[in-house]
Asks: 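Quick one: structure below, then a few questions.
Numbers here are sequence positions counted from 1.
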Amino acid sequence: MGREFEDKSRGGVGEVVTLDAVLTAMGREYRADPDRAVRSQRFIKLLHRYIGTQLEQRLTDEAKARGICIRYEGTIMGSGKPKDVDIIVSDPDNGPLVLIGVRSQMSSIGKNVLTYWEGIKGEGASLQDRFPMSLHAYLYLHPLQSIKATREKESIDHRRYARMYAHITGRSGQQWYHIRNRFDEFAYMIVDYNASPPILRDDIVEEAVSKEEADLSVTTFVDRIVQKYNKREIFWNVFGAGGDH
């Protein structure tokens with residue numbers, strides 16, 4: 001599984017990364033060196049590739065013929081300054097159609113989470129000012145327990161954080177494109193890295209925020225992005241069905 005995932009993570013069109021493969025690879029990174037897993041960009045890029053390939057396989061033939069593609073780590077001009085965006089569905093003539101940020105916070109969570117919450121709200125608003133008609137999404141990852149050796153006893157209030165992220169998701173209504181400081185879709189991912197393979201703890205998220213209030217599951221994240229985009233852009237066939245979670 002490990003070698004197969006590594007090959008896929010460097011692959012091209014049609015090589016789809018599944019969530020199970022991502023969790024397995026992230027667990028391997030953690031067990032090899034927890035501190036490096038926190039610092040390494042490779043750790044979070046596993047999630048980039050999962051989301052990107054899931055979106056890529058849903059692009060229609062019409063979209064591909066237009067040159068619509070998935071870009072990673074692109075620099076996009078916001079309302080005031082350039083922003084680094086982790087995953088972009090990009091059209092050669094019309095620019096970004098979908099903008100997705102991804103963040104992992106693996107330790108010192110209680111100390112920094114509010115600052116990061118404010119920061120991602122601001123980043124989203126800046127990009128929405130320049131691209132109000134684009135779809136804006138975000139994925140946030142926390143461990144079940146801090147993975148830093150000196151912080152295993154750190155208390156992480158996952159239920160509170162789930163409610164915080166629910167508060168900044170959902171642009172809706174007839175004039176949704178005027179809404180700022182909220183994402184169209186959000187995923188809050190809690191993972192138990194002490195299990196082998198790691199276990200996704202969506203149950204904790206759903207105890208805090210019902211799916212009727214806000215669906216924050218990473219397992220439906222790409223589907224929700226595709227469905228919302230298709231509902232809004234009824235004259236342009238960008239995404240089709242499909243998916244392998």
Asks: What distance separates Trp117 CH2 from Tyr140 OH, expressed to the nearest 0.5 Å?
Replies: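 Between Trp117 CH2 and Tyr140 OH, I get 12.0 Å after rounding to 0.5 Å.
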Asks: Only counting residues at least two apart or in another chain, list the ones meeting ring pair (Phe, Tyr, Trp, His ring centres under 6.0 Å) with Phe239.
Replies: Tyr229
Asks: Before you tell me yes or no, could you show the steps for Asp223 and Arg58 under salt bridge (Lys or Arg N to Asp or Glu O under 4.0 Å), namely the whole-Å CA-CA distance, both residues' side-chain angles and the distance that decides it to 0.1 Å?
Replies: CA-CA 10 Å; Asp223 287 338; Arg58 289 165 167 81; 2.6 Å; yes
Asks: Do you know the tightest heavy-atom contact between Gly78 and Arg130?
Replies: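 Looking at all heavy atoms of both residues, the closest pair is O-NE, 2.6 Å.
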Asks: Examine the side chains of Gln105 and Asn112 and answer whether a donor and an acceptor come within less than 3.5 Å of each other.
Replies: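 Their side chains do not contain a donor-acceptor pair, so the 3.5 Å distance test is not met.
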Asks: Show the nearest heavy-atom pair for residues Thr60 and Gly240, with the distance to one decimal.
Replies: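 Shortest heavy-atom contact: CG2-N, 3.5 Å.
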Asks: Could you tell me which non-hydrogen atom of Ser217 sits nearest to which non-hydrogen atom of Asp215, and how far apart they are?
Replies: N-OD1, 3.1 Å
Asks: Just by modelled atom types, is the Phe131 backbone N or O under 3.5 Å from a matching donor or acceptor in the His136 side chain?
Replies: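 Yes; judged by distance alone, with no hydrogens or angles, the pair exists.
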Asks: Determine, using the 4.5 Å side-chain heavy-atom cutoff (strictly less than), whether Met106 and Ile44 are members of one ILVMFWY cluster.
Replies: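 Yes, same cluster.
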Asks: Does Val238 form a side chain to side chain contact (heavy atoms under 4.5 Å, CB included) with Glu233? I'd like the steps, not just the answer.
Replies: CA-CA 9 Å; Val238 173; Glu233 302 293 340; over 6 Å; no
Asks: Enter the distance from Thr169:OG1 to Met164:CE here, rounded to the nearest 0.5 Å.
Replies: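 So the gap between those two atoms works out to 13.5 Å.
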Asks: In this structure, are over 12 heavy atoms from other groups packed under 6.0 Å from His167 atom NE2?
Replies: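 At most 12 heavy atoms, drawn from other residues, nucleotides or ligands, come within 6.0 Å of this atom.
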Asks: Looking at Arg232 and Asp184, is any side-chain nitrogen of the basic one under 4.0 Å from a carboxylate oxygen of the acidic one?
Replies: yes
Asks: So if you build clusters from Ile, Leu, Val, Met, Phe, Trp, Tyr with side-chain heavy-atom gaps below 4.5 Å, do Leu144 and Val218 land together?
Replies: no
Asks: Do Glu118 and Val113 come within less than 4.5 Å of each other through their side chains, counting heavy atoms only?
Replies: no
Asks: By side-chain contact (heavy atoms from CB on, under 4.5 Å), which residues pair with Asp91, not counting sequence neighbours?
Replies: Arg66, Ile68, Asp93, Asn94, Leu97, Trp236
Asks: Taking NZ, NE, NH1 and NH2 as the nitrogens, is one of them in Asp192 or Arg201 under 4.0 Å from a carboxylate oxygen of the other?
Replies: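 Arg201 and Asp192: not salt-bridged.
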Asks: Answer yes or no for Arg103 and Tyr116: cation-pi contact, defined as NZ/CZ to six-membered ring centre under 6.0 Å and angle to ring axis within 45°.
Replies: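 Arg103 over Tyr116 ring: yes.
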Asks: Assess the residue pair Ile100 and Ile225 against the criterion (side chain to side chain contact (heavy atoms under 4.5 Å, CB included)); give the C-alpha distance rounded to whole Å, side-chain angles, the decisive distance to 0.1 Å, and a yes or no.
Replies: CA-CA 10 Å; Ile100 305 172; Ile225 290 171; 3.8 Å; yes
Asks: Given side chains that start at C-beta, do those of Leu19 and Met189 come closer than 4.5 Å, heavy atoms only?
Replies: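 With C-beta onward as the side chain, the pair touches.
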Asks: Any donor and acceptor pair, going by atom type alone, linking the side chain of Ser126 with main-chain N or O of Glu123 inside 3.5 Å?
Replies: no
Asks: Start with the C-alpha distance between Ile87 and Val102, add both sets of side-chain angles, then the distance that settles side chain to side chain contact (heavy atoms under 4.5 Å, CB included), and finish with yes or no.
Replies: CA-CA 8 Å; Ile87 304 149; Val102 182; 3.9 Å; yes
Asks: Are the charged groups of Arg224 and Glu185 less than 4.0 angstrom apart, N to O?
Replies: yes
Asks: What are the two closest non-hydrogen atoms of Pro96 and Ile88, and how far apart are they?
Replies: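 Closest heavy-atom pair between Pro96 and Ile88: CB-CG2, 3.8 Å.
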Asks: If hydrophobic clusters are built by linking Ile, Leu, Val, Met, Phe, Trp and Tyr wherever their side-chain heavy atoms come under 4.5 Å apart, do Val22 and Leu216 end up in the same one?
Replies: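 Val22 does not cluster with Leu216.
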Asks: To the nearest 0.5 Å, tell me how far Ile70 CD1 sits from Ser90 OG.
Replies: 9.0 Å
Asks: Would you kindly confirm whether Phe183 and Met133 end up in one hydrophobic cluster when ILVMFWY residues are joined by side chain heavy atoms under 4.5 Å apart?
Replies: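 Different clusters.
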Asks: Scan the side chains in residues 174-181 for donor-acceptor partners under 3.5 Å anywhere in the protein, sequence neighbours excluded, and list what turns up.
Replies:
unit_1: Arg180; atom_1: NE; unit_2: Asp129; atom_2: OD1; d: 2.7
unit_1: Arg180; atom_1: NH1; unit_2: Tyr177; atom_2: O; d: 2.8
unit_1: Arg180; atom_1: NH1; unit_2: His178; atom_2: O; d: 3.4

Asks: Measuring from Leu47:CG to Phe221:CZ, what's the distance to the nearest 0.5 Å?
Replies: 10.0 Å
Asks: Take Asp84 and Glu73, measure what side chain to side chain contact (heavy atoms under 4.5 Å, CB included) needs, and give me the verdict at the end.
Replies: CA-CA 6 Å; Asp84 293 330; Glu73 298 178 15; over 6 Å; no
Asks: Answer yes if Tyr138 and Leu135 sit in the same cluster of Ile, Leu, Val, Met, Phe, Trp and Tyr residues linked by side chain heavy atoms under 4.5 Å apart, and no otherwise.
Replies: no
Asks: Quick check against the 3.5 Å criterion: does Thr75 have a side-chain atom that pairs as donor or acceptor with the backbone of Lys83?
Replies: no
Asks: Are Tyr161 and Tyr188 an aromatic pair by the rule of ring centers under 6.0 Å?
Replies: no
Asks: Between Arg49 and Asp86, does at least one N-O distance fall below 4.0 Å, as a salt bridge requires?
Replies: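 No.
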Asks: Write down the atom of Gln54, the atom of Val17, and the distance for their closest heavy-atom approach.
Replies: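 Residues Gln54 and Val17, closest heavy atoms: NE2-O, 3.1 Å.
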Asks: Is the distance between the ring centroids of Tyr50 and His48 less than 6.0 Å?
Replies: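 No - the distance between ring centres of Tyr50 and His48 does not fall below the 6.0 Å cut-off.
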Asks: Quick one: are Arg171 and Gln128 in side-chain contact, heavy atoms under 4.5 Å?
Replies: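 Touching, per the 4.5 Å side-chain cut-off.
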Asks: Which heavy atom in Pro198 sits nearest to a heavy atom in Val191, and how many Å separate them?
Replies: CB-CG1, 3.6 Å
Asks: How long is the span from the CD1 atom in Ile51 to the CG atom in Leu46, to the nearest 0.5 Å?
Replies: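 Reported to 0.5 Å precision, the distance equals 11.5 Å.
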Asks: Calculate, to the nearest 0.5 Å, the distance between atoms CD and CD belonging to Glu213 and Glu206 respectively.
Replies: 12.0 Å
